[in-house]
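Order of the sequence lines sets the chain letters (A, B, ...), proteins ahead of strands, with each chain counted from 1.
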Protein chains: 2
Amino acid sequence: MRTDTVYKKAFNRVASMLHDGELVGELPSENELKRRLGVSRTTVRKVLQELVHRKLIAERNGIRMAERTVDENDYYPDAETTPRAKHVEQQFMEWMLRGDTRPGTSINELELARQFGVATNGIREFLIRFSRFGLIEKRPNTGWLFKGFTEDFALELFEIRMMFELRSAHLFSQQPENSPLWAKLAALKIAHVDLLKRIESRFHDFSGLDNRFHRLINEASPNRFIDDFYDIISFIFHYHYQWNKQDEKQRNKAALLEHITYIEALESRNSVRIAKACRAHLASAKATLMRSLIALEE
Amino acid sequence: MRTDTVYKKAFNRVASMLHDGELVGELPSENELKRRLGVSRTTVRKVLQELVHRKLIAERNGIRMAERTVDENDYYPDAETTPRAKHVEQQFMEWMLRGDTRPGTSINELELARQFGVATNGIREFLIRFSRFGLIEKRPNTGWLFKGFTEDFALELFEIRMMFELRSAHLFSQQPENSPLWAKLAALKIAHVDLLKRIESRFHDFSGLDNRFHRLINEASPNRFIDDFYDIISFIFHYHYQWNKQDEKQRNKAALLEHITYIEALESRNSVRIAKACRAHLASAKATLMRSLIALEE
DNA sequence: AGCATGAACTTTATCCATAAAAAACAACTT
DNA sequence: AAGTTGTTTTTTATGGATAAAGTTCATGCT
């Protein structure tokens, strides 16, 4: 059966809106809620129905009002708000990055399905999606081959990344003075400086900034293939560093400083300086990844 | 039910081997056939069984020999030797490139499934696979968006292609003198010259050469992401030109000449000359594609 | 007319079933 | 011991079913 994660997530969302006093007095219409929650009206209605049923809200002559205050165990557990496909992704990534899965291992759909508690279809769809990351390969009628999260992989990844980023940074710097992206860049710089001040406690926030920064650079002259490639990078890094936290603070602090230099280079519009800052930053990111790969081997 | 296309294809293969006298006297062992056909022994046995049943071969005290001569209608029809997934691919590409599918159209899995006569699962898997080509986009719980085989698409595609190819051509030229790839390049050049002589009748053969050439260039310093990207290109071109044959002969002849120039540039090891030939060739390929896109609009 | 709710219909996400194909195991032969 | 064939088990490719979520149609209210 299809999971009802969309509903549960929407429900939690409304509950927390009630809790935070974002919905005072008469509740918005179904259509308005639909817009705010980004789900269909069908789902909105289901949420409302349950809210009434639990007496969190009450409906009197067509007007819906908050009734009871929301408490902690009105919320559905987080795990129930994530669709199956996402769970498969997480479990697979853990299996791959954490387990002792060696390069050359073959991947068995049925076995993973059993292990993850889902139908084989879900596994297969995930693997198809995942195959574009270059880490697995399909052999028809036979199964999938895990090629390994190896040094080669990282080298090839960074080679492309470097090409793309140099290209995008260059084009970014060539934008007209009145482009709104310059203002965005300035704002991002401030965010960097702010984070740097609080780095001791807030170092986790870096990955959000990192993402924003690299995506911003691509915005100047969009290319879907570059965007897609950046998705690969984010994905890989997200999971890799999620299970590999050594030196996180230090790593992020260094990257933050590199970003600032890089941003200033962009602001200078000086090609040579830009290329240099870009190269330096990527070289450092690469070195960090390589180091952690070697650590994994042991 | 799973199709038995693997079996049928293997059967046809063996039948044509018998026909062509590639299997004289005692037939090879099951294991040997398995190796030659690239299928499992289970399938080999099924083929043999059917061959016996149809009296194409006979088995006398453990020895299998040809019995009857193979005739035209011993073969299974071609359509039955292609797996469902491939059919879906073909039908989808036709639907997309030939039909009046406009950018922005949304793609309905169920409707396609009905139209193509397959289960929705197959459509979905295809779409997931296809999504990396940058022509469609998934909107969760809702469906897929067809972004269109547009001018933008072609521009973005060629931008990346140019970056990759310049990089690969450069690295190719830097290979040591004793690399075996130089010999391969020379052989390919001869094949080009040969084809040029027969271009009037054999112009269809160009696409095979084109593929070999571009893949050869990448071989010097492999990068999986570049290979993958080249898969996208081949795929797109394959289908696009399959339904768009205008000027095919002339187009191929021009490309053949460009390739020869390009190969000679590589052989010269002269960077400037290489970059120039590479650019010229890609610019021309791009112009051809753009022209045919505009033709489509009308 | 324009927006709200209610109800019916359609499509997606997900599981399950099964024949075909592959792989593993077993017994036999040289 | 290594290669054959026979048999059994496992896995993949494909179809089908269904609850959840999305969309459309209908009705009613300002």
Heavy-atom check, side chain of [X] versus side chain of [Y], under 4.5 Å:
{"X": "L145(A)", "Y": "R139(A)", "result": "yes"}
{"X": "H240(A)", "Y": "F237(A)", "result": "no"}
{"X": "F153(A)", "Y": "I236(A)", "result": "yes"}

Salt-bridge present (D231(A), R215(A); N to O < 4.0 Å) |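 Answer for the salt bridge query: yes.
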Is the closest basic N to carboxylate O distance between R36(A) and E32(A) below 4.0 Å?
->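 Answer for the salt bridge query: yes.
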Rounded to whole angstroms, how far apart are [atom1] on [X] and [atom2] on [N]?
{"X": "I123(A)", "N": "dC16(C)", "atom1": "CD1", "atom2": "C1'", "result": "15 Å"}
{"X": "L127(A)", "N": "dT11(D)", "atom1": "CG", "atom2": "P", "result": "15 Å"}
{"X": "E111(A)", "N": "dA22(C)", "atom1": "CD", "atom2": "P", "result": "20 Å"}
{"X": "N121(A)", "N": "dT18(D)", "atom1": "CG", "atom2": "P", "result": "16 Å"}
{"X": "E26(A)", "N": "dA4(C)", "atom1": "CD", "atom2": "C1'", "result": "11 Å"}
{"X": "F11(B)", "N": "dA21(C)", "atom1": "CZ", "atom2": "C1'", "result": "18 Å"}
{"X": "R84(B)", "N": "dA21(C)", "atom1": "CZ", "atom2": "C1'", "result": "16 Å"}
{"X": "R124(B)", "N": "dG16(D)", "atom1": "CZ", "atom2": "P", "result": "17 Å"}

Toward the 5' end of DNA chain C, which comes first, E30(A) or G143(B), by nearest nucleotide?
->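 On the 5' side of the pair lies E30(A).
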In terms of the nearest nucleotide of DNA chain D, which residue is placed more toward the 5' end: E59(B) or K86(B)?
->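 This one resolves to E59(B).
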Starting at the 5' end of DNA chain D and moving along, which residue's nearest nucleotide shows up first, E32(B) or V118(B)?
->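 The residue whose closest nucleotide sits nearer the 5' end is E32(B).
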Check whether any side-chain N or O of N31(B) sits under 4.0 Å from OP1 or OP2 of dG3(D), and answer yes or no.
->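 No, N31(B) has no side-chain N/O under 4.0 Å of OP1/OP2 on dG3(D).
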Under 4.0 Å between a side-chain N or O of K138(B) and OP1 or OP2 of dA13(C)?
->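 Answer yes for this pair, as a side-chain N or O of K138(B) is under 4.0 Å from OP1 or OP2.
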Look at all strands and tell whether R64(A) reaches a base, only sugar-phosphate, or nothing, counting heavy atoms closer than 4.0 Å.
->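 The answer is sugar-phosphate, as R64(A) gets under 4.0 Å only of primed atoms, P, OP1 or OP2.
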Base, sugar-phosphate, or nothing for R139(B), non-hydrogen atoms under 4.0 angstrom?
->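 Touches nothing.
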Among [options], find the nucleotide with the atom closest to the side chain of [X].
{"X": "S29(B)", "options": "dT5(C), dT5(D), dT12(D)", "value": "dT5(D)"}
{"X": "R45(B)", "options": "dG6(D), dT12(D), dT12(C)", "value": "dG6(D)"}
{"X": "E109(A)", "options": "dT12(D), dT12(C), dG6(C)", "value": "dT12(D)"}

Assert yes or no for the condition that the ring centre distance of F225(B) to F229(B) is strictly below 6.0 Å.
->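 Aromatic pair excluded; centres sit 6.0 Å or further apart.
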Taking the six-membered ring for Trp, are the ring centroids of Y76(B) and Y7(B) within less than 6.0 Å of each other?
->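 Yes, ring centres under 6.0 Å apart.
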Let me see the working for E125(A) and R84(A) under salt bridge (Lys or Arg N to Asp or Glu O under 4.0 Å), right down to the final yes or no.
-> CA-CA 11 Å; E125(A) 284 178 16; R84(A) 221 49 119 219; over 6 Å; no
Protein-proximity profile, nucleotides 20-30 of chain D, B/S/- by nucleotide at the 4.0 Å heavy-atom cutoff, equals BSBBB------
